[in-house]
Amino acid sequence: MAARGHLVGALMFLIAAAVGPALPDWAVSLAAIAFANALVVLGLVVMWRAGLVSFGQALYYCIGAYAVALIARWTGFTDAVALVAIGGVGAGIVAALVGFLLARYREIFFAMLSLALSMILYGVLVKTESLGSTDGFSVATPTFFGLSLHGDKLILALYWLTLGIDAIAAAAVGYYFRSIAGALAAPIRDNEIRVEFLGVSVTGIVHGKVVIAGTLGGLGGALAALTIGHVDPAMAYWTTSGGFVFVTILAGAGSVAAAFVGSLLFEAARSIAVDVMPGLWQMLLGAVLLLTILFLPEGLGSLAARVGKRGEVKR
Amino acid sequence: MSEILAVRDLEKTFGSLVAARDITVSIPAEQTVGVIGANGAGKTTFINMITGHLVPSKGTILFENKDITGLPSREITRLGISRSFQVAQIFPTLTVRENMVVAAAIARRGGGMLGAVTTPVHSPAALAEAEATVELFQISRYADTPAGLLPQGVRKLLDIGMAVVGWPRLLLLDEPTSGISIEEKFDLMQVVMSALKTRRITVLFVEHDMEIVGRFADRVLAFYEGTVIADGTPEQTLGDAKVQELITGVKARSAGTSHV
């Protein structure tokens, strides 16, 4: 079962990588951003399975992005792979620290505390004029193991880098879901007391989930910063967090793959909608969210599961 | 028979309130011990001190000759002392089998958080252990039912099964028959006790129904105002004058009143 999942997942990533060169620049760049954001969504899925929603995941996204931008600006170091790794680790460390606070809260308090932390960062960045205040600043063009690329080659390289990190993250999160700590998500949602009495620290497990989600958020932000070529405080703003939660609801917590498909659909729908009917994007967003909650409460991922089940019955 | 639990001069005070005092008890392996007493007599305080949920103010607790006094509860669980609950503590959205698998996987894992992240939950060993325990407690036909939909008696069996799946040597049952109808009580206890005998588990169970105590316990401890006032076979303890006066109330009733 797991082995088949790995195979299908690897195949999907390879196909996504293979079609890259055939697509126009704007599509590759859109897909790269979508797949970068998917990492943040994957982190939200990790927490959501345990009944935890963070309305401040943009905190880690923004930390990852600014870490990359600042290191490139201050030190001139531009290696893409190393920068993204630093972005992820940096956000992970911040998550580990704030996790001591967050892991003690649940439900709306967890959600709002996450939101508060991200808004503090937003406030600080807006007030920091040396970093461009609300305008932010540009990110230096990244290099790949000493190789400097430009134009469509650069976009394609960033797209592949994003896919590569996504594949590693998807495999790692899949492994985590099958571990005791990962499988304890539903039990924690159901009955924390019992989990404690079985001999596991619930706070410890939740802390772990915050760190995983934070690291993924940082990786996503770092990749997005390189692809967009610009960072600004809006990356920490609550509407950014809201967008990630939106995609999480759309995708559902059922599968790892749904996070990637959901994120791609979301970015594609947004750019088409903004083009075709400017000003109506938010309305469309609201309508889709409404329909998802009404008819697909377990998200797009459950659709695949349903089709799979029907197939099994037929056989 | 070798001694599995030795409690000496145990005392617990909350400010000026004495919840437990002068408790000295030695329990040999594989004995089934009933614990009786009115509400507030210190039964649950006693159990909570053994499981590490309360730290004793005084005294020592030896489990298999190891001093466990004041150890954190998770540590004590890992050493082989398990407990069940007055209100069944289960995972309602998981099936009975999944409930058991989670409990089995946790019990089998190596120590700490790293073990939890690196050990797969569905290991063949955990699955086998879960399956065996589901069978032992005779709830196989509910294996694929979400635990939230179970009848009360099956919930209790699942709860106790989850405490047993990790092969503890000592099990503390807090009112295993509470919330169960009188007709079902004996059958439930029969299943539980024969399962525990099969695994050779030493049992301490808190119970208010004296018929159940008389039938299933090898030995009965009677608690009153935080201390043990009688300790002996069910006949000895339940026949004790002080116990009858203070706990079971047999003497207070007229001789003609039947047990209900």
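None of these values were measured; they are calculated from a predicted model. Just so it is clear: chains get the letters A, B, ... in the order the sequence lines come, proteins before strands, and each one is counted from 1.
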Check: Closest approach of B/T133 and B/E129, non-hydrogen atoms and distance?
Finding: OG1-O, 2.8 Å
Which bit of [X] is near chain B, if near means a heavy-atom gap under 4.5 Å: side chain, backbone, both or neither?
X      : result
A/Y176 : side chain
A/I205 : both
A/I193 : side chain
A/Y175 : side chain

Check: Does B/R83 make a cation-pi contact with B/F85, if we ask for NZ or CZ under 6.0 Å from the ring centre and within 45° of the axis?
Finding: yes
Next item on the list: Answer yes or no for A/R194 and B/F91: cation-pi contact, defined as NZ/CZ to six-membered ring centre under 6.0 Å and angle to ring axis within 45°.
Entry: no
Contacting moiety of [X], where chain A heavy atoms sit under 4.5 Å:
X      : result
B/A163 : both
B/S73  : neither
B/I90  : backbone
B/N99  : neither
B/A103 : both

Item checked: B/E207 side chain to B/T177 side chain, donor-acceptor N/O pair below 3.5 angstrom -> yes
Note to self: Quick one about B/D159 and B/Q89 (side-chain donor to acceptor, distance below 3.5 Å, no hydrogens or angles considered), yes or no?
What the structure shows: no
Item checked: Max heavy-atom pair count under 4.5 Å with chain A, selected residue of B/L94, B/T51, B/I76 -> B/L94
Margin query: Does the plane of the ring in A/F35 sit parallel, tilted or perpendicular to the ring in A/F260? Use 30° and 60° as the thresholds.
Written below: tilted
Margin query: Checking side chain to side chain contact (heavy atoms under 4.5 Å, CB included) between A/Y60 and each of A/V40, A/T215, A/L121, A/V210, which is the one that passes?
Written below: A/V210
